[in-house]
Amino acid sequence: MNEEIPEPGRAPEEPQARRGGAAREGNGLGREEDGAPLTRQRADGGLNLKPSGRVSVPEEATQPDGATVENPVFSCRDVNVFYSGKQALKEVSLDVGRRQVLAMIGPSGCGKSTFLRCLNRMNDTIAGARVTGHIHLDGRDIHDESVDVAQLRARIGMVFQKPNPFPKSIYDNVAYGPRIHGLARSRAHLDDIVCSSLTRAGLWEEVKDRLSSPGTGLSGGQQQRLCIARTIAVQPEVILMDEPCSALDPIATARIEDLIDELRESYAIVIVTHSMQQAARVSQRTAYFHLGELIEVGNTDRVFTNPRHRLTEDYITGRFG
Amino acid sequence: MSRRALRKLVNALALGLSGLATAVGLFFLGAILWTLLRSGLAGMSLQLFTAMTPPPGSAGGLLNAIYGSVVMTVIGILIGGPIGVLAGTYLAEYGRNARISGVIRFVNDVLLSAPSIIVGLFVYELLVVRMGHFSAIAGAVALAIIAIPVTVRTTEDMLNLVPQGMKDASTAMGAYHWRTITSVIYPAARSGIVTGLLLAVARISGETAPLLFTALNNQFWSSNLAAPIANLPVVIFQFALSPYPNWQQLAWSGALIITMSILVLSIAARFVVSSLGPGGRS
């Protein structure tokens, strides 16, 4: 899996990524005006920088580094989000790779959940929210007028912080997506989808005898796995997870993490988490957000063992946040 | 006096006053119910439910009035219920932040507390004058207009209680908003909406003033919706004011019947809430 992740700084060799890079540089918003030379410089020697000199302008240009991947499923450029005029996300450019987990970490209010909600346009549902910039899913602008937002969301599953099963039976919870999108050809086919989704979510054995009992009657960890089963029942391309384990105990958390690891074989996953251990365990790439800005992104091993930005280092070593 | 003693005194005073207020309120409620039971039960018989309203001095029952009340209440809620639920849905889901919603809420609150006799006069102008005579359907429309604001309010409140996370989950699944409303939000708020409808039924089944100007009354059996129809509140009103003892007795019994049905409806509403659960578990 790791071969697919380009080394930070090497990505701009890819045509698609270079296009993104050009767009960034062309945007010329002050701090990025010297982005191109810096990127080049980092490509050959950036890793050797000592922690001491890391607070000023050069680090700001860390953002493009490692933000792009080969053949991304999501490609985001210069994304800004405003809630009632207040800026919650600033000029974030970040790609989401296929068949890998991207973890987003950072202190509360840093914009990581906001960014997540941009990807399936859930910010549209918030009054007073405004999103600018470019977000492409498989090369297509998700804000294009021809895009049906409901169809878009069907391709992007989302798992929330608090398990939120519908007030329906376990079966109907999982069948909800296939039903509203007309995915099942017959009752038997729907049964198949429900069974396989629950199996993949690791819940089948526990609930197979009570599919008609309410989903809200399950334990917290089971409910969250039910929500994951509900999400994968429509076979999305990407799964967004917004702190999916923060309401769960360690055992349930471990089960969800195992599940994420398995799901990675078929889906791109973006996970917001407050647990750095979790980010280190489940993800291949990690992005660190701070006050609405993307500070650093790269290979998870690299970010955790050799953070380039002092803010990242402070955060992952627990000095603040 | 120490500060602590003062606080205790104030506490005792507050407790005593609120207890007294409760006792006064409950006393009058109890007195009304007691009088109603004592006088109403005296006239309770099977004949009450099988015979028509009688002329003065002879025996009879309230069958036509009970029938008329039930018919008008049912039609009233059938008209007012859907309008109220849909308007409440608009306020809670589609127009939550729209400026017009604030206006609608305000007008709805005014309508909620408007004297019901005004609703009666409105329907009198709207239907009775044009039809040329009183009718059951005019009575039902008047009741519907009274039921609408009650239903709008309870529906909006109940829909707002549905957790945002549940709505988000459906939206994130790629459901259109109408689908989210019908498949997720309504089932989740079902017990609350049904309770609201039952309370609206309870409210309109005792209304007298709007019926005086619309359905009027009928001494005889009538199932014609275009004709005046007997109904319990107006029968009680007329019979209670009459000088005839048998009419007065029927008025007491009718009052007891209405009160008891409202009591049963309220209990049913509570039962609906507890059996469907606060989250409306299916």
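Order of the sequence lines sets the chain letters (A, B, ...), proteins ahead of strands, with each chain counted from 1. The structure presented is a predicted model; accordingly, all values stated were derived computationally and were not measured.
- Proximity to chain B is limited to the backbone of A:Pro165, based on heavy atoms less than 4.5 angstrom apart.
- Proximity to chain B is limited to the side chain of A:Arg117, based on heavy atoms less than 4.5 angstrom apart.
- For A:Asp148, the part lying near chain B is the side chain, with the backbone staying farther off; criterion is any non-hydrogen pair under 4.5 Å.
- The residue among B:Gly165, B:Ala175, B:Ser170 with the most heavy atom pairs within less than 4.5 Å of chain A is B:Ser170.
- Under 3.5 Å, the side chains of A:Ser146 and A:Arg140 contain a donor-acceptor pair of N or O atoms.
- Contacts of A:Leu240 with chain B are absent, with no heavy-atom separation under 4.5 Å from either backbone or side chain.
- Side-chain N/O atoms of A:Arg179 and B:Ser183 include no donor and acceptor closer than 3.5 Å.
- Between A:Phe115 and A:Phe289, the two ring planes are tilted [angle within 30° to 60°].
- Remark: side-chain polar atoms of A:His181 are paired, donor with acceptor, to backbone N or O of B:Met173 under 3.5 angstrom.
- Distance CD1/B:Ile258 to CG/B:Leu232: 4.5 Å, rounded to 0.5 Å.
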